There are 2 protein chains.
Amino acid sequence: MAAPEGLFVLEGRPTAQLIADQLREQIVQGTFRPGQQINESAVAAQFRTSRGPLREALQRLCQEGLLISHRNRGVFVLELSTADIKEIYAVREAVELAASDTLMDAGQDQINDTCLGLKEIIRDMAKHVAVSDWQAIARLDMQFHTSFVAGTGNTRLIRIYETLAAESRMCILSLEVAYPRLDVLVQEHQNLLDLLEAKDRNGLQQAVKRHLQKAVEDLTVTRQDDEIIA
Amino acid sequence: MAAPEGLFVLEGRPTAQLIADQLREQIVQGTFRPGQQINESAVAAQFRTSRGPLREALQRLCQEGLLISHRNRGVFVLELSTADIKEIYAVREAVELAASDTLMDAGQDQINDTCLGLKEIIRDMAKHVAVSDWQAIARLDMQFHTSFVAGTGNTRLIRIYETLAAESRMCILSLEVAYPRLDVLVQEHQNLLDLLEAKDRNGLQQAVKRHLQKAVEDLTVTRQDDEIIA
DNA sequence: AGAGTGTAGATTGTCAACAATAGGCGATGT
DNA sequence: ACATCGCCTATTGTTGACAATCTACACTCT
């Protein structure tokens, strides 16, 4: 008989990772503001666990770069400067260009599978555009790019990109007003998908570059280089 | 009056990181063999600390990918398959190509500083070639590439590359015999440096690609795709 | 008034004991 | 002889208490 659905793995993953995942989501959603201190005792109580596992989760997020730890003072939510934004998007460009190249050299099946997932995400984006839910759009935006990179099957590239995606969501979070017109955004992603399907290697690479450079411009406009985002 | 040299920061960095750094060095040097389990109590005693800080260090290395954690069983030193090698070097290519591009667009001062450091490393390599100390050569090899990427000043790119460098050293560690002729290796790095100094963007990119592809070939020759390296 | 110092509070860093789990080994039954 | 069941040991996962450290504030002295 097949296993019942509900208790499929029954907490099979390490506890600290479950906590880290939830915390990360709260951070990129803005429940914890940039610069805010994370009180170990308080948050541990919130998760109904002790400080040990929570510290492990915090350290994990520190290494991902979402939190920053000051010895004997605690961990704080990262404050992103425009220099950080440029760094993040420079690395994203490197990863996505490599992913494009890898996908182009991959089998047609692999490309088809990837496109299938991406189409689904674009459909979801379109739905949320209708109600201007840009919080959801931001999530799907990063989900699109993550799926794109995931198409390569390179687990290390994927893991790297996931942390970049989280940081990017933090950028967007702090700058909702600067988020471009939503319908244009969907169109841009559709364009990337089309170029992938058409196996237009050069066109795709140029489109990726433009897409990311445009994002940096939107995120850094009217700000000084070392200014911290509120 | 200037501060005395010895107690400059007095353990200013988090303890777990100090432990992690030492452990990482022991792993890439082969003190801990691939597949071997890391016993928390034993290693904690070795470092004259308790399991708490050690666990944090282990978790850090897990996230870097050098160790792998099995719930309720412990952490083990990663065993690299040829698929892993291909992944690692694919990401390295992505990062180094991006670094090349960034450096080419950077100021001449930045390039000069980078080249200065790289020259120093190549000199050191040449010394160790004389005595065929390929353990040291492997370290300097990765140091060269890390310095190259560090030249961009992109802290995120650097952090990513440092973990890739550690993984690469593990690859090389398991395959000493396959390491190419040492003098050729020095020549290849000298070539990369020359192309950087000449600001030959295209030539440098092609050289980086060849250099890394050659490494993959050396590391994967005569092995099946999913075979584990002893 | 201002600078420096001492104290108090809160928070993190560390530790050792306790609980839970997985894998190994032997006994038992077929 | 083989498979299965149950215990046992080693190791990890978790917890709460203790120690060390930093920041803030009030107090004193110049």
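Chain letters run A, B, ... following the sequence lines, proteins first, then strands; residues in each count from 1. Computed from a predicted structure; not experimentally measured.
A heavy-atom distance below 4.5 Å is found between the side chains of A/His211 and A/His145. Side-chain contact between B/Val43 and B/Ile19: absent, with no pair of heavy atoms (C-beta onward) separated by less than 4.5 Å.
Counted by atom type alone, A/Glu87 and B/Thr155 present one or more donor-acceptor pairs between their side chains at under 3.5 Å.
A/Phe148 meets the ring pair (Phe, Tyr, Trp, His ring centres under 6.0 Å) test with no other residue; sequence neighbours excluded. The ring pair (Phe, Tyr, Trp, His ring centres under 6.0 Å) check on A/Tyr161 picks up nothing, with sequence neighbours excluded.
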- Query: How is the base pairing of DNA chain C summarised as a dot-bracket string, given the Watson-Crick and G-U wobble criteria with both distances under 3.5 Å, [ ] for crossing and | for another strand?
  - Reply: ||||||||||||||||||||||||||||||
- Message: Please encode protein proximity along nucleotides 8-21 of chain C as a string of B, S and -, counting only heavy-atom distances under 4.0 Å.
- Response: ---SBBBB-B---S
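For the pair B/Arg156 and A/Asp84, the salt-bridge criterion is met [side-chain N within less than 4.0 Å of a carboxylate O]. Between A/Arg169 and A/Asp141, none of the side-chain N atoms (NZ, or NE/NH1/NH2) sits under 4.0 Å from a carboxylate O, so this pair counts as no salt bridge. Under the 4.0 Å criterion applied to side-chain N and carboxylate O atoms, A/Lys214 and A/Glu217 are not assigned as salt-bridge partners.
Under the ring-ring contact (aromatic ring centres under 6.0 Å, His included) criterion, the residue pairs touching residues 14-70 of chain B are B/His70-B/Phe76, with sequence neighbours excluded.
Counting all heavy atoms, side chain and backbone alike, A/Thr146 lies closest to A/Ala165 at OG1-CB, 3.8 Å.
The nucleotide range of DNA chain D contacted by chain A, defined by atoms under 4.0 angstrom from heavy atoms of the protein and reported 5' to 3', is D/dT14 to D/dT23.
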